[in-house]
Amino acid sequence: MKHFKWDEIPAERVNDHFVRKLAWDGKMMIARTDVEKGYVVPHHQHDNEQITWVMSGKWRFTLEGKTVDVGPGEMISIPAGTVHGAEAVETLVAYDIFTPVREDWLNGDDSYLRNK
């Protein structure tokens with residue numbers, strides 16, 4: 001895998017509770033997300049497989065009629081096209097890994113995160 005240079009990419013405050021820093025190449029995108037306790041990602045789906053790896057804190061995902069808690073050191077894989085949402089049970093840091101690159105995260109069209 002290509003070496004990503006995180007410190008060359010400024011962090012973006014998506015909203016008052018969600019900050020992310022992106023790194024990508026032609027095939028893969030990695031996003032470090034810092035999320036405050038209580039923040040809710042509304043249900044949505046996308047064309048990319050998503051792997052979320054929690055470093056600290058806890059996400060509570062809802063998908064396919066199930067609720068799954070993902071804590072420090074744990075990962076969850078969300079297949080492309082799967083409707084899912086999440087709530088930050090604790091303030092957290094996680095890495096989201098997408099392949100291919102998510103254009104909506106690059107061009108600011110990710111309105112489901114921006115409370116639009």
Side-chain angles (χ1 to χ4, degrees):
M1 180 170 72
K2 178 180 175 181
H3 175 69
F4 291 105
K5 296 181 179 176
W6 290 94
D7 53 354
E8 293 180 4
I9 303 167
E12 175 191 22
R13 180 166 289 280
V14 175
N15 57 51
D16 289 341
H17 310 284
F18 190 103
V19 176
R20 72 175 168 215
K21 185 177 257 195
L22 299 175
W24 69 92
D25 64 10
K27 299 176 185 174
M28 177 183 292
M29 172 182 279
I30 301 173
R32 176 191 158 122
T33 56
D34 294 75
V35 185
E36 291 181 8
K37 178 181 179 178
Y39 179 69
V40 174
V41 176
H43 281 87
H44 65 284
Q45 64 183 1
H46 38 77
D47 296 332
N48 311 66
E49 178 183 13
Q50 172 180 335
I51 297 172
T52 297
W53 184 13
V54 176
M55 299 289 108
S56 64
K58 186 185 294 183
W59 268 128
R60 177 165 292 143
F61 283 91
T62 55
L63 64 157
E64 299 178 338
K66 300 176 191 173
T67 300
V68 180
D69 287 350
V70 183
E74 297 178 332
M75 301 175 98
I76 186 170
S77 175
I78 302 170
T82 301
V83 176
H84 62 284
E87 178 181 357
V89 178
E90 302 169 2
T91 296
L92 64 95
V93 174
Y95 287 93
D96 292 321
I97 304 165
F98 300 101
T99 182
V101 171
R102 289 193 57 177
E103 295 297 330
D104 65 328
W105 279 31
L106 292 176
N107 66 17
D109 190 33
D110 50 354
S111 60
Y112 70 99
L113 287 176
R114 296 176 185 275
N115 302 325
K116 292 183 181 176

Over all atoms of both residues, closest heavy-atom pair of [X] and [Y]:
{"X": "Trp59", "Y": "Ala86", "result": "CE3-CB, 3.4 Å"}
{"X": "Ala31", "Y": "Leu22", "result": "CB-CD2, 3.5 Å"}
{"X": "Gly57", "Y": "Pro72", "result": "O-CD, 3.2 Å"}
{"X": "Ala80", "Y": "Asp47", "result": "CB-O, 3.4 Å"}
{"X": "Phe61", "Y": "Gln50", "result": "CE2-NE2, 4.4 Å"}

Kindly write out the residues that satisfy side chain to side chain donor-acceptor pair (under 3.5 Å) with [X], not counting sequence neighbours, or none if the list is empty.
{"X": "Thr82", "answer": "none"}
{"X": "Glu36", "answer": "His17"}
{"X": "Asp69", "answer": "Arg60"}
{"X": "Asn15", "answer": "Tyr39"}

(request) Could you name each residue pair satisfying salt bridge (charged side-chain N to carboxylate O under 4.0 Å, His left out) that touches residues 70-97, not counting sequence neighbours? (result) none

With sequence neighbours excluded, tell me which residues meet salt bridge (charged side-chain N to carboxylate O under 4.0 Å, His left out) with [X].
{"X": "Asp104", "value": "Arg102"}
{"X": "Asp34", "value": "Arg32"}
{"X": "Glu12", "value": "Arg20, Arg114"}

(message) With a 3.5 Å distance limit and no angle check, can you tell me whether Thr91 reaches the backbone of Lys37 through a side-chain donor-acceptor pair?
(response) yes

(message) Given 3.5 Å as the limit, does a donor-acceptor pair link the side chain of Thr33 with the main chain of Ala94, or not?
(response) yes

Could you work out, with side chain to side chain contact (heavy atoms under 4.5 Å, CB included) as the rule, every residue matching [X], not counting sequence neighbours?
{"X": "Ala11", "result": "Val19, Lys21"}
{"X": "Glu49", "result": "Ile51, Ser77"}
{"X": "Val83", "result": "His43, Gln45"}

(request) Please answer: with hydrophobic residues joined when any side-chain heavy atoms are less than 4.5 Å apart, are Val89 and Met55 in the same cluster? (result) no

(request) Give a yes or no on whether Val40 and Leu63 share a hydrophobic cluster (residues Ile, Leu, Val, Met, Phe, Trp, Tyr; joining criterion: side-chain heavy atoms under 4.5 Å apart). (result) no

(request) Quick one: list whatever passes ring pair (Phe, Tyr, Trp, His ring centres under 6.0 Å) with Phe98, sequence neighbours left out. (result) His46, Trp105

(message) Nearest 0.5 Å, please: how far is CG in Asn48 from CE in Met28?
(response) 12.0 Å

(message) To the nearest 0.5 Å, what is the distance between CE on Met29 and CD1 on Ile97?
(response) 12.5 Å

(request) For the residue pair Val68 and Ile76, establish whether any side-chain heavy-atom pair is separated by less than 4.5 Å. (result) yes

(request) Run the numbers on Thr52 and Val70 for side-chain contact (heavy atoms from CB on, under 4.5 Å), then give the verdict. (result) CA-CA 9 Å; Thr52 297; Val70 183; 5.7 Å; no

